[in-house]
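I have placed the structure first, in the form of structure tokens, so that the comments after it can refer back to it.
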Amino acid sequence: MALSGMRGLSVFISDVRNCQNKEAERLRVDKELGNIRTRFKNEKGLSPYEKKKYVWKMLYIYMLGYDVDFGHMEALSLISAPKYPEKQVGYIVTACLLNENHDFLRLVINSVRSDIIGRNETFQCLALTMVGNIGGREFAESLAPDVQKLLISSSCRPLVRKKAALCLLRLYRKNPDVVNVDGWSDRMTQLLDERDMGVLTSVMSLLVSLVSNNHDGYWSCLPKCVKILERLARNQDVPQEYTYYGIPSPWLQVKTMRVLQYFPTVEDPNTRRSLFEVLQRILMGTDVVKNVNKNNASHAVLFEALGLVMHLDAEKEMMSQCVALLGKFIAVREPNIRYLGLENMTRMLMVTDMQDIIKRHQAQVITSLKDPDISIRRRALDLLYGMCDVSNAKDIVEELLQYLSSADFAMREELALKAAILAEKFAPDLSWYIDVILQLIDKAGDFVSDDIWYRVVQFVTNNEDLQPYAAAKAREYLDKPAIHETMVKVSAYLLGEYGHLLARRPGCSPKELFSIIHEKLPTVSTPTVSILLSSYAKILMHTQPWDPELKDHIWAVFNKYESCIDVEIQQRAVEYFALCKKGAALADILAEMPKFPERESALIKKAEDTEVDTAEQSAIKLRAQQQNSNALVVTDQRPTNAPTPVGVGQLSLVKMPNINSSVENLADEGMVHTNGTLTKVDSQLAAPSADLLGDLLGPLAIEGPPTVATTTEQNPVSTSQGVTSAADALALAPLEEQPSSIQPIGNITERFNALCLKDSGVLYEDPNIQIGVKAEWRAHQGRLVLFLGNKNTTALVSVQAIILPPAHLRTEIAAVPDTIPPRAQVQCPLEIVNLRPSRDVAVLDFSYKSGSSMVKVNLRIPAIMNKFMQHISVSGEEFFPQWRSLSGPPLKLQEVDPNPNNLVASTTFYSENPRAMLCLVRVETDPSDRTQLRMTVASGDPALTFE
């Protein structure tokens, strides 16, 4: 593309580059844009040369980051020019300036189609390149058949067919319907016989996308892919220009093996044998060399082969060979190869019977923890965490504790969490677990989450034999001159509860325990002060008879904090001081904490989540998350509250419940749910639980079972039946109950009511899916985005979302993909237009299938009247004339006398009617009785006033 002949363009570029500052550049650009705009107004006087020059200038200005909001038609007109120079400029500038949603693109579809079906191969390449870059549904529907014909045409040159394959790939990603599986299965099989490596590479890219969506229709391609791998592995008929540092077309090898990973298995024994021979050749023939480019290419092929070996569940001998090869790679100097070796060895942990073989490389993995590259250290930590079991838990945890002191601050939180999880899952005895956690808090207190020391409290509370040992260890740590605040918390709690068990030991009398804990009081934060006050009350309670000196000290502390500005501390000080005056009754009130009910460990749950995230299970499941759809798919975004079934480790004597799984647990106990609420509740569960630890720790309380609501939800009724509740007054659409074994998490009505007052939040959630809403409202129009998040490690299929709008709303929802990949989130836009006032709401008819369970729910969309209102500011002089002009029903529901004590408000209601409707509100108050109010609403529309 020679631009040297365009002197005006060259001068403009030189002027911009010579600008001394941003302001000078902006002035020069604005001047040029004004000149271009003036010249384009007199388009008839422009020669083709001048039009090209000005369009190039527009593109350069756009590349500098300035908005170019005119001249698009001039660029598009160049596409239909008969000569190559003009047509080239038109295609390039159009591809850069316009996106797939631009309305102007419709104007050039016919011109582009003419170039595609024409006989000029240069024009065909220009058109295919632009369509492939822009994409778009309209291009896909109009041009896909012509692009397919070019791809399968035997008369086209390889260059055109290669571009046609890549163009069709882009169109397929935008609209999968352009490729019919039934008709294209045989065509793809024939295209895999192509001898030209460029066309074959492009076709393989298309095949990767096709099989990622549906592999069932392309089984006939599998033997052809194996033959292609054989041809490449033996370097047969591979042109020199496709050989990269002696490696035959590494890009094609990687794509071919990726295609094979989308098929569940290779059933034909001959094909399977040939494939494993090729994989064996790749495994044996790859080594580390000095040339970086050759290393990158050969190891890209190798690691894709390793993923295929794991996917096909090869024989143990070959898997062992893979582990040995990875063990060699994690010891080389090249950091990229070490990283990939550690990552793939972590994946290999998911293969049965491989953990013992991987543990042979434990020493080298530990060495990688000291690598200068933090990404390698992270992968080494993941691998150590995954390979840990009862046999090597002590060694690995001790190494992690030793490494904790020198670890990067960016890694310490993850390191502390994983060390705590391993100590809990694989501890040989509980005393060792206590030692590990206290060391963890001592070395990295800033990075130890509250969940970790909460878990220690639960273990100690539920194991009486452990209580003296834990209290003694806590006493030892308090002797240190400087300890972390988290250590103060756990030590104060343990000594308050079980310090009396150490009364006969030297230095452990109640007075000495109080003294050593009280020394830490001036250095701790407000939440910790609450725990220390509780500990003082416990120490005093366990002292029988009371030591007068100790009592005076503790009472003085309580007196001091009775006037504390912090409400939590003040309440504890007042209540503990009052309790202490009850004498012997204090022992009954502040009795020792009872054992916690069996709970699921929050830390072990995190362990299971981490294992899934780091090992990825297999390459096929990872790539299943990348399949394309009409909506935006954001992978690897797991909802933080997604429940996951968790196995219980050796130390899981206490199970901590997940708040989101409480509904499921209640359902297992025979409770019947109605739209997310309980209609039958066990009397013991319905009452507020006496969570003594929660009372003791206040805002830092260990997660306990949520209080169960006993109220039942009334189904909304139509307007003719009246309004049954305040909640139902917002939405009168009848919702029928859908019988399903999957019950919602939380109260659906409460979620709906919350979204009526705010624009983002969760609309619905169950163990499999979470539906969130984010909305924007402007006048009578609203744009909502439904976030459909799959919380499972398996895909949700048969997904359908249909909007059932009432008569006063016009809605349009984007297509929802039939499948939501594992741990993925799909965004589904929804447009709403308000036609007239009404209290009826739109209903989302949503259904999906998870495993063998079909779930179908009807959800109210929070598009109610107040969403189409906009507040306005008016003075009293403006308000009351409007108020008096609306005389009586039906424009005004009540009539009140003017009163200076009354409150007034105003808003504007928008609908499709071009005239916005003013709404007025007046609240009557009584200065002598502020407990009673009366509200009057008025507007110029009787229907709006009534609704």
Side-chain angles (χ1 to χ4, degrees), residues 1-109 111-112 115 122-123 125-136 138-139 166 170 174 632 634 774 776 778-779 781 783 785:
M1 178 174 21
L3 303 180
S4 57
M6 295 185 179
R7 184 174 177 277
L9 176 61
S10 301
V11 171
F12 172 62
I13 294 175
S14 298
D15 290 346
V16 171
R17 290 179 176 176
N18 293 331
C19 290
Q20 299 297 318
N21 51 52
K22 189 69 176 176
E23 187 61 30
E25 178 186 293
R26 182 181 296 279
L27 290 174
R28 182 65 182 91
V29 168
D30 289 343
K31 178 181 177 182
E32 192 62 38
L33 286 175
N35 179 47
I36 296 173
R37 192 187 298 269
T38 302
R39 299 305 300 269
F40 278 168
K41 287 182 179 178
N42 187 21
E43 186 179 358
K44 293 182 180 179
L46 286 179
S47 64
Y49 166 80
E50 290 177 318
K51 185 179 289 188
K52 283 194 303 179
K53 180 178 67 174
Y54 292 131
V55 170
W56 277 130
K57 287 184 178 181
M58 285 170 44
L59 178 59
Y60 181 70
I61 293 171
Y62 176 78
M63 292 169 62
L64 290 176
Y66 296 93
D67 290 333
V68 178
D69 55 1
F70 69 96
H72 298 158
M73 284 300 299
E74 285 73 13
L76 293 174
S77 66
L78 291 174
I79 292 179
S80 57
K83 296 182 180 180
Y84 172 77
E86 288 83 4
K87 191 178 289 287
Q88 178 201 36
V89 176
Y91 275 121
I92 292 176
V93 176
T94 300
C96 294
L97 294 184
L98 304 185
N99 59 43
E100 63 183 76
N101 298 318
H102 206 289
D103 294 335
F104 283 176
L105 284 179
R106 301 174 184 173
L107 305 177
V108 296
I109 289 180
S111 298
V112 174
D115 287 337
T122 305
F123 292 175
C125 291
L126 287 174
L128 291 171
T129 301
M130 189 201 74
V131 174
N133 282 325
I134 294 181
E138 290 195 23
F139 272 173
L166 296 178
R170 178 61 185 269
K174 290 296 179 181
L632 174 64
V634 184
K774 186 173 183 180
E776 293 181 1
R778 292 183 181 178
Q781 297 179 339
R783 175 179 172 83
V785 179

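Along the sequence shown, residues carry numbers from 1. This structure is a prediction, so every number in the text was calculated from the model and none was measured.
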Cation-pi check, Lys87 to Phe123: give yes when NZ or CZ is under 6.0 Å from the six-membered ring centre and within 45° of the ring axis, no otherwise. yes
Working to the nearest 0.5 Å, report the span between [atom1] of [X] and [atom2] of [Y].
X      : Y      : atom1 : atom2 : answer
Leu9   : Trp56  : CG    : CH2   : 8.5 Å
Asn133 : Thr129 : CG    : OG1   : 7.0 Å
Leu105 : Met130 : CG    : CE    : 6.5 Å
Phe12  : Lys57  : CZ    : NZ    : 7.0 Å
Cys19  : Arg26  : SG    : CZ    : 11.5 Å

Donor-acceptor pair, distance only, cut-off 3.5 Å: does the side chain of Arg170 make one with the backbone of Ile134? yes
Does Asn21 use its side chain to pair, donor to acceptor, with the backbone of Glu23 at less than 3.5 Å? yes
What residue pairs, at least two apart or across chains, pass ring pair (Phe, Tyr, Trp, His ring centres under 6.0 Å) with a residue in residues 70-97? His72-His102
Residues Glu25, Lys22: salt bridge by 4.0 Å N-O rule: yes
Side chain proximity check, [X] to [Y], heavy atoms < 4.5 angstrom:
X     : Y     : value
Leu78 : Val93 : no
Arg39 : Tyr54 : yes
Lys83 : Pro48 : no

Sorted by chain and number, sequence neighbours left out, side-chain contact (heavy atoms from CB on, under 4.5 Å) with Val68 holds for Met58, Ile61, Tyr62
Output all residues satisfying side-chain contact (heavy atoms from CB on, under 4.5 Å) with Arg106, sequence neighbours left out; order by chain, then residue number. Asp103, Glu138
Which heavy atom of [X] sits nearest a heavy atom of [Y], and at what distance?
X      : Y      : answer
Ile79  : Gly90  : CG1-C, 3.7 Å
Ser80  : Ser111 : CB-OG, 3.7 Å
Gly136 : Glu100 : CA-CB, 3.6 Å
Arg7   : Tyr49  : N-OH, 3.8 Å

Whether over 12 other heavy atoms sit under 6.0 Å from Asp67 CG: no
Does Glu776 have more than 12 heavy atoms from other residues, nucleotides or ligands lying within 6.0 Å of its CD? no
All ring-ring contact (aromatic ring centres under 6.0 Å, His included) counterparts of Tyr66, not counting sequence neighbours: none
Qualifying residue for side-chain contact (heavy atoms from CB on, under 4.5 Å) with Val55, from Leu97, Ile92, Thr94, Val89: Val89
side-chain contact (heavy atoms from CB on, under 4.5 Å) for Leu107 and Met73? Distances and angles first, verdict last. CA-CA 9 Å; Leu107 305 177; Met73 284 300 299; 3.6 Å; yes
With sequence neighbours excluded, what pairs up with Lys53 under the salt bridge (Lys or Arg N to Asp or Glu O under 4.0 Å) test? none
With sequence neighbours excluded, tell me which residues meet salt bridge (Lys or Arg N to Asp or Glu O under 4.0 Å) with Asp30. none
